[in-house]
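The structure appears right after this line, and notes come after that.
Throughout, residue positions are numbered sequentially from 1 according to the sequence presented.
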Amino acid sequence: RVAREKVEKQKQKMAEKERRQKVTAGSGGNFGGEVDHEMEIQRLEEEMRQPGVSKVALYGLKKKLAMHKATLLRAQRAKEQKLREQQKAAAVTN
């Protein structure tokens, strides 16, 4: 049982590392990373609902969740601002 739990933890760590790489790669200045952040938010929320999550782990999950939500919100606001600027420029030229 202990060996099985160690293997499971190692798998979770590897999966987390892969997810981090995907999220980091997807958020490099373009807005294509929004989907990655949304998926990560869902995953973190699901992980927080799992039974047996320690308070320390829950604290870390909450911090990661807040980081992803803030990044997604900043990207959405930047996208909206860019759209407003394009609309304003189009109105000026017409």
Query raised in the report: Rounded to the nearest 0.5 Å, how far does CD1 of Ile41 lie from CD of Glu45?
Result: 7.0 Å
Query raised in the report: Side-chain contact, heavy-atom cut-off 4.5 Å: His68 with Thr71?
Result: no
Report summary line: CG (Leu83) and NZ (Lys88) are apart, to the nearest 0.5 Å, by 12.5 Å
Query - N-O pairing of Arg43 and Glu38 below 4.0 Å - result: no
Query raised in the report: Side-chain contact, heavy-atom cut-off 4.5 Å: Met48 with Val53?
Result: no
Query raised in the report: Taking only residues two or more places apart in sequence, or in another chain, which ones meet Glu46 in a salt bridge (Lys or Arg N to Asp or Glu O under 4.0 Å)?
Result: Arg49
Report summary line: Sorted by chain and number, sequence neighbours left out, side-chain contact (heavy atoms from CB on, under 4.5 Å) with Gln81 holds for Arg84, Glu85
**Report entry** Straight-line distance of His37 NE2 to Leu65 CG, nearest 0.5 Å
**Finding:** 12.5 Å
Query raised in the report: Near Met67 CE, under 6.0 Å, is it more than 12 heavy atoms from other residues, nucleotides or ligands?
Result: yes
